[in-house]
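These notes concern the structure reproduced below.
In the text below, chain A, chain B and the rest are named by the order of the sequence lines, each starting its count at 1.
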There are 2 protein chains.
Amino acid sequence: MDQPPKSIPTIEQVARAAGVARSTVSRAFSRPGMLSAETVAHIMAVAGRLGYAPNQVARALSTGRYGNIALIVPDVANPFFPPLIRAAEARADAAGLCVFLGDSDEDPAQEERLTGKMAAQVDGFVLASSRLAEDAVRALRGRRPVVLVNRDIDGLDRVLIDSAPGTAAAVRHLHELGHRRIAYVGGPPFSWSNQQRRTAVLQTAGELAIEAVEVAAERPSYEGGMAAAPAVLSARTTAAIAFDDLVAQGLMAGLAGLGVEVPAAFSVIGCDDVLGARTYPPLTTISARSTDAGRAAIEMLLAQIEAGPSSGTAQRLGTELIVRATTAAPGPSP
Amino acid sequence: MDQPPKSIPTIEQVARAAGVARSTVSRAFSRPGMLSAETVAHIMAVAGRLGYAPNQVARALSTGRYGNIALIVPDVANPFFPPLIRAAEARADAAGLCVFLGDSDEDPAQEERLTGKMAAQVDGFVLASSRLAEDAVRALRGRRPVVLVNRDIDGLDRVLIDSAPGTAAAVRHLHELGHRRIAYVGGPPFSWSNQQRRTAVLQTAGELAIEAVEVAAERPSYEGGMAAAPAVLSARTTAAIAFDDLVAQGLMAGLAGLGVEVPAAFSVIGCDDVLGARTYPPLTTISARSTDAGRAAIEMLLAQIEAGPSSGTAQRLGTELIVRATTAAPGPSP
DNA sequence: TTGAAAGCGGTACCAG
DNA sequence: CTGGTACCGCTTTCAA
């Protein structure tokens, strides 16, 4: 009983229904200013009634502009990315672009496959936390406009979430509370973000003349944070700044399992603010601005698509400390 | 010093250089079996020398097959969706398709805009928890293959995560623990998922002859759950099943704020298992299988793209209870 | 086995 | 301001 899917309306059908030429309909959509207001209104009404939308593929064929962009992330399920994706999507949509999403599964080869497949139908790429080798990125940007997020390659447009200010504020906050020996529970050693945070902790601690020790979380995950709890304690610290919120959350769980109360006996600070105030107690953390990053990346890409290859600008997004309830003055030593 | 991008070769140039017709070149690439071996070899050689590759967009315009699909979700940042998106992406990618991601922002109008924009460049749609009116969905499926996730429209292909078994198991679990009066903290009244969970709670409670009261969370969020805590307590229940993990998490926070310990004084069960074991204590919950749902949806869509419109199959995914640490025998009444 | 030509759905130039 | 028409690059009958 199924109707054969009635084909989607074309510009021709709209033109006929509206009693105008195809070119007029085309103009109503791309350059309405060229037409009289009534004509536009009439055409739009007819188009709306028919459920017409310009066919991007046909348009692309004739203009060489695709109206699509690609967004590649290493792992959609990592809570850092969804807000970024959402913001990028929204901004691109506002500019009339459709978004291809690619998940590289943290794998450079996969990322390269994806970019290759998509390059033929997009006007540009946003690569978030790209795992690609530097020359692969450069090669891609030779074909299409590219914007990087949290990856620092000279000569390319990029938006960098600079966690240094927030991290420094976190160390100061701990210092003011009275902590004199703190831990940094680190993430992936070669990650740009990790290096940045680590450096900020060490440097600020140095300036304040307090001790900072580094404890590695074998993986930047809840489990990794949990497993780091004993090491953090045995390092005789009274507070820890974690690579990200997940690690912080795991650390809190590990601490709780060891009978150490947060924040009474130990203070914890996360990073990225992906958990909101949803932990108990609510986690003090460093803002990540992934939403801003997503939007900014699209804006840079749009500019590049408009104006041609840019000389490669780095846009830095500041961060700050969000004090909630996992930090307090150091308690009696455990 | 940038070379002006040397325009990429077209089929026409290859044809001329090879001294054959365009159609012959076309066949060399799409149906080489139709040509003599020498012709093919010759054309391929010339094409190789010129660096020619068929233009996908032009090909799509003439064949009507795009090699793309669209996936629309109400909110990328809702933790239920990323695993689904990830799985769908992976499955589609394995089939050689690129995925457009759309975020409807919970808004039917926006969802309609997105589908309209994408319809002209995709071979089909997956609508997850679609907010579209039923006839809008039907209209869309009139134009393109469509698969629904967690939306039950007769005659359409759909994959439904059936939380009834898991929910029933949750009620039984509570009953075995000794609870005799429990609460269901509900979600959006018209949501298919909510109705299903609510029904399962009420029915199973009836079968076991225990009392179940419904408490509405004004919003299916952490805050909503938190705000429901007083109501849950004043209903004199000793345990609650929440619409989803976020609500459960909020409820736990609300309870903690009221000085009620979980699970000693009150038991809590979530739904969807989006938090893993990452709450403290780890949340007992009902599995959601969103990963399976994402993969299954793509598979149904592929089948539909291959074989033409289906008669509309519902694929149901079972669920089960995951017992962690937020449930225990009822404590002394608060 | 190969060539010629008619689209696919738009855009943009050229008249009027 | 609007209509007519030649493309965009490729696929696909239809003939030869």
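Legend: residues meeting side chain to side chain donor-acceptor pair (under 3.5 Å) with B:Arg113, ordered by chain and number and at least two apart, are A:Asp93, B:Gln110. For A:Asn68, the side chain to side chain donor-acceptor pair (under 3.5 Å) test picks out B:Gln121, with sequence neighbours left out.
Annotation: the terminal axes of the helix from C:dT1-D:dA16 to C:dG16-D:dC1 meet at 40°, where each axis is the rotation carrying the C1' atoms of four end pairs onto the next four (5 pairs per end, rounded to 10°).
Of the residues listed (B:Val126, B:Asp157, B:Val149), the one engaging B:Met300 in a side chain to side chain contact (heavy atoms under 4.5 Å, CB included) is B:Asp157, and it is the only one.
Rounded to whole Å, atom C1' of C:dG9 lies 15 Å from atom CG of A:Leu50. Rounded to an integer number of Å, the gap from A:Leu61 CG to C:dG7 P is 17 Å. Atom CZ of A:Arg65 is separated from atom P of C:dT11 by 12 Å (rounded to the nearest Å). Summarising the geometry, the separation between CG on A:Asn55 and C1' on C:dT11 is reported as 13 Å, rounded to the nearest angstrom. One interatomic measurement links the two molecules: CD of B:Glu38 to P of C:dT1, which rounds to 10 Å at whole-angstrom precision. Atom P of nucleotide C:dT1 and atom CD1 of B:Ile43 are separated by 13 Å, given to the nearest angstrom. In this entry the distance linking CD of A:Glu12 with P of C:dT11 reads 14 Å, nearest Å. Rounded to whole Å, atom P of C:dT11 lies 15 Å from atom OH of A:Tyr66.
Counting non-hydrogen atoms under 4.0 angstrom, A:Ala53 reaches the backbone sugars and phosphates but no base. Backbone-only engagement by A:Val20 is indicated by non-hydrogen atom pairs under 4.0 Å involving sugar-phosphate atoms exclusively.
Side chain of A:Asn55 to backbone of A:Thr10: no donor-acceptor contact under 3.5 angstrom is found. Listed for the B:Ser26 side chain is no donor-acceptor partner under 3.5 Å among the backbone atoms of B:Arg22. A side-chain donor-acceptor contact under 3.5 Å links A:Asp123 to the backbone of A:Gly67. A donor-acceptor pair is defined here as one N or O able to donate and one able to accept, closer than 3.5 Å; such a pair exists between the side chain of B:Glu111 and the backbone of B:Arg131. Counting only distance, with no hydrogens or angles, the side chain of B:Asp103 and the backbone of B:Val76 share a donor-acceptor pair below 3.5 Å.
From B:Leu61, atom CG reaches atom CD of A:Gln56 across 12.5 Å, with rounding to the nearest 0.5 Å.
A salt bridge links A:Arg295 with A:Asp292: the closest approach of a Lys/Arg side-chain nitrogen to an acidic carboxylate oxygen falls below 4.0 angstrom.
For residues 43-102 of chain B, the set of pairs meeting the ring pair (Phe, Tyr, Trp, His ring centres under 6.0 Å) definition, not counting sequence neighbours, comprises A:Phe100-B:Phe100, B:Phe29-B:Tyr52.
The outermost nucleotides of DNA chain D lying under 4.0 Å from heavy atoms of chain A, listed 5' to 3', are D:dC1 to D:dG9.
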Can you give me the N/O atom pairs linking the protein to nucleotides 12-16 of chain C at distances under 3.5 Å, or say none if there are none?
from: C:dA12; atom 1: OP2; to: A:Arg31; atom 2: NH2; distance (Å): 2.5
from: C:dC13; atom 1: N4; to: A:Arg27; atom 2: NH1; distance (Å): 3.1

